[in-house]
Amino acid sequence: MGNKVKMKKIVEKMNLRNLTPDVDLTEREVEVPDINRPALQLTGFFEHFDSDRVQIIGYVEYTFLETLDKKTKEHIYDTLLSYQIPGIIFSRDLAPEPMLLDKANAAQVPIFSTEKKTSEFTAEIIRWLNVELAPCISIHGVLVDVYGVGVLIMGESGIGKSESALELIKRGHRLVSDDVVEIHKVSDETLVGTAPDITRHFIELRGIGIVDVKTLFGVQSVRETQNIDLVITLEDWNKEKEYDRLGMEEEYTEFLGNKVVCHQLPIRPGRNLAIIVETAAINHRQKKMGYNAAQELYKRVQQNLTKK
């Protein structure tokens with residue numbers, strides 16, 4: 001079963017006016033992150049009709065309907081509403097005629113309107129639905145926005161993830177989620193992390209309890225969503241283990257089939273985790289901009305050997 005989004009939520013988020021308030025929206029859901037402009041359907045062609053999508057009627061469809069006689073229009077409306085479509089949205093504040101509203105009420109199909117232009121509204125609703133209906137998993141970790149880089153801090157319970165996040169917040173960075181991070185696969189390249197509604201903006205600190213970050217540090221210390229660009233896994237220092245000291249080759253971890261750069265960070269007394277995470281984020285950003293410090297050092301060593 002895929003994700004679903006309630007029609008009520010779409011109405012709230014997209015600021016739609018409900019033109020059929022008598023139609024019950026409680027159980028009405030959308031599960032396709034796309035829309036349909038029923039231009040062909042209004043001409044009577046219903047083969048391959050995407051009836052599971054939200055239907056949007058713009059200025060072109062509206063003016064075409066005005067050219068039709070009453071009998072043809074009635075037939076088109078009846079056929080369109082016989083499919084269990086999630087709803088019809090009229091853009092540009094266009095007003096549907098009373099006949100359509102009566103038939104929609106009878107068929108229990110909701111009709112809405114928006115003042116936005118069709119193309120602008122279409123782009124907005126598709127982008128929002130893509131995020132809402134993206135494949136999603138929940139993982140144990142902390143997500144922080146560090147200089148615009150989404151850093152997901154992972155590790156065993158009690159290793160110091162929340163304490164690191166708190167130090168980063170004190171240094172001016174922003175918390176997205178503590179303890180549980182919901183990861184949405186928006187595209188083959190992009191993973192977006194959010195917090196569950198119930199724990200949003202809260203951090204749990206052992207020995208102190210629950211802390212409300214938004215209340216303590218202000219709205220500038222939190223954000224709702226963030227792309228996941230970098231994963232840092234905290235682990236106890238192991239003398240036997242060889243840790244990467246140059247960073248010549250990137251290591252990756254995978255979520256929902258998407259690869260994300262991952263660093264193993266050994267924990268030891270005296271290591272300031274927040275500064276290391278901050279530096280890792282800046283270094284990651286620098287690599288994205290085309291500069292790799294490890295490769296630069298390797299180049300210098302090679303040049304030095306050549307000279308000798």
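Reckoned from all heavy atoms, side chains included, excluding hydrogens, waters and symmetry mates.
Using a 30° and 60° split on the angle between ring planes, Tyr83 and Phe46 fall in the parallel class, below 30°.
Leu100 and Ile56 are assigned to two separate hydrophobic clusters, defined by single-linkage of ILVMFWY side chains at heavy-atom distances under 4.5 Å. Both Ile282 and Leu230 are members of a single hydrophobic cluster when ILVMFWY side chains are connected at heavy-atom separations under 4.5 Å. The cluster map of Ile, Leu, Val, Met, Phe, Trp and Tyr, joined by side-chain heavy atoms under 4.5 Å apart, puts Ile35 and Ile85 in different clusters. Clustering ILVMFWY residues whenever any of their side-chain heavy atoms sit less than 4.5 angstrom apart, transitively, puts Leu191 in the very cluster that holds Leu152. The cluster map of Ile, Leu, Val, Met, Phe, Trp and Tyr, joined by side-chain heavy atoms under 4.5 Å apart, puts Leu273 and Leu143 in different clusters.
With rounding to the nearest 0.5 angstrom, the CG atom of Asp52 is 13.0 Å from the CD atom of Glu29. In this structure, Ile203 CD1 and Asp178 CG are separated by 5.0 Å, a value rounded to the nearest 0.5 Å. Within the model, atoms CG of Leu234 and CD1 of Ile267 stand 4.0 Å from one another, a figure rounded to the nearest 0.5 Å. The CD1 atom of Ile125 sits 11.0 Å away from atom CG of Asn130, with the distance rounded to the nearest 0.5 Å. Atom CD1 of Ile57 and atom CG of Asn36 lie 10.0 Å apart (nearest 0.5 Å). Atoms CD and CD, from Glu66 and Glu61 in turn, are 12.5 Å apart once rounded to the nearest 0.5 Å.
Judged purely by atom type and a 3.5 angstrom limit, Lys8 has no side-chain atom pairing as donor or acceptor with the backbone of Arg28. Put simply, the side chain of Gln220 gets close to the backbone of Phe217: a donor and an acceptor are under 3.5 Å apart. Using a distance-only test at 3.5 Å, with no hydrogens or angles considered, a donor-acceptor pair links the side chain of Asn3 to the main chain of Ala134. Of the possible polar contacts, one joining the Ser187 side chain to the Thr190 backbone as a donor-acceptor pair under 3.5 Å is found. Here the side chain of Asp24 pairs a donor or acceptor atom with the backbone of Thr26 at under 3.5 angstrom. Judged purely by atom type and a 3.5 angstrom limit, Lys214 has no side-chain atom pairing as donor or acceptor with the backbone of Ser221.
Salt-bridge check for Arg17 with Asp93: passed, with a basic side-chain N closer than 4.0 Å to an acidic carboxylate O. A salt bridge does not link Lys70 with Glu74: none of the charged nitrogens is closer than 4.0 Å to a carboxylate oxygen.
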Side chain to side chain contact (heavy atoms under 4.5 Å, CB included) between Asn258 and Phe255, worked out: CA-CA 5 Å; Asn258 285 20; Phe255 299 108; 5.7 Å; no

Candidate pair Leu133 and Val5, rule side chain to side chain contact (heavy atoms under 4.5 Å, CB included), full reasoning: CA-CA 7 Å; Leu133 296 171; Val5 60; 4.0 Å; yes

Chi angles and distances behind the salt bridge (Lys or Arg N to Asp or Glu O under 4.0 Å) call for Lys13, Glu132: CA-CA 11 Å; Lys13 286 287 180 182; Glu132 287 294 311; over 6 Å; no

Working for side chain to side chain contact (heavy atoms under 4.5 Å, CB included), residues His284 and Tyr147: CA-CA 11 Å; His284 177 79; Tyr147 295 124; over 6 Å; no

Step-by-step side chain to side chain contact (heavy atoms under 4.5 Å, CB included) determination, Leu168 to Ile153: CA-CA 12 Å; Leu168 286 163; Ile153 305 170; 4.2 Å; yes

Criterion salt bridge (Lys or Arg N to Asp or Glu O under 4.0 Å) on Glu296 and Arg300, from CA distance to verdict: CA-CA 6 Å; Glu296 182 64 28; Arg300 286 186 195 178; 3.8 Å; yes

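Using a 4.5 Å heavy-atom cutoff, the side chains of Ile126 and Asp34 are in contact. Side-chain contact check for Tyr77 versus Asp102: every heavy-atom pair is 4.5 Å or farther apart. Here the side chains of Gln55 and Phe49 are in contact, with some heavy-atom distance below 4.5 Å. Within the 4.5 Å cutoff, side-chain heavy atoms of Ser138 are placed close to those of Glu182. In this structure, the side chains of Lys287 and Glu250 come closer than 4.5 Å at one or more pairs of heavy atoms. A 4.5 Å side-chain heavy-atom check between Ile159 and Asp236 finds at least one atom pair inside the cut-off. With contacts defined as side-chain heavy-atom distances shorter than 4.5 Å, the pair Val181/Val176 does not qualify. Taking 4.5 Å as the limit, every side-chain heavy atom of Ile10 sits out of range of all side-chain heavy atoms of Phe112.
Closest non-hydrogen pair, Leu256 versus Pro135, comes out as CD1-O, 3.5 Å. Between Leu94 and Pro96, the closest heavy-atom pair is O-CD, 3.5 Å. Of all heavy-atom pairs between Phe64 and Leu42, the closest is CE2-O, 3.4 Å. Scanning both residues, Val222 and Arg174, for their nearest heavy atoms gives O-CD, 3.8 Å. Of all heavy-atom pairs between Gly87 and Val109, the closest is CA-CG1, 4.4 Å. When every heavy atom of His75 is checked against every heavy atom of Thr79, the shortest pair comes out as O-OG1, 2.7 Å.
Atom NE2 of His140 has more than 12 heavy atoms from other residues, nucleotides or ligands within 6.0 Å. Annotation: Tyr59, atom OH; neighbour count of heavy atoms from other residues, nucleotides and ligands within 6.0 Å does not exceed 12. Heavy-atom contacts from other residues, nucleotides or ligands closer than 6.0 Å to CD of Glu97 number more than 12. Within 6.0 Å of CD in Glu120 there are more than 12 heavy atoms belonging to other residues, nucleotides or ligands. Remark: Arg285 CZ is loosely packed, at most 12 non-hydrogen atoms of other residues, nucleotides or ligands lying under 6.0 Å away. Atom CD1 of Ile198 is surrounded by 12 or fewer heavy atoms from other residues, nucleotides or ligands within 6.0 Å. Applying the 6.0 Å contact sphere to OH of Tyr298 captures no more than 12 heavy atoms from other residues, nucleotides or ligands. Other residues, nucleotides and ligands contribute at most 12 non-hydrogen atoms within 6.0 Å of the CD atom of Glu27.
Side-chain contact annotation: Arg37 with Ser91, donor-acceptor N/O pair under 3.5 Å absent.
Cation-pi geometry between Lys259 and Tyr252 is met: under 6.0 angstrom from the ring centre, within 45 degrees of the axis.
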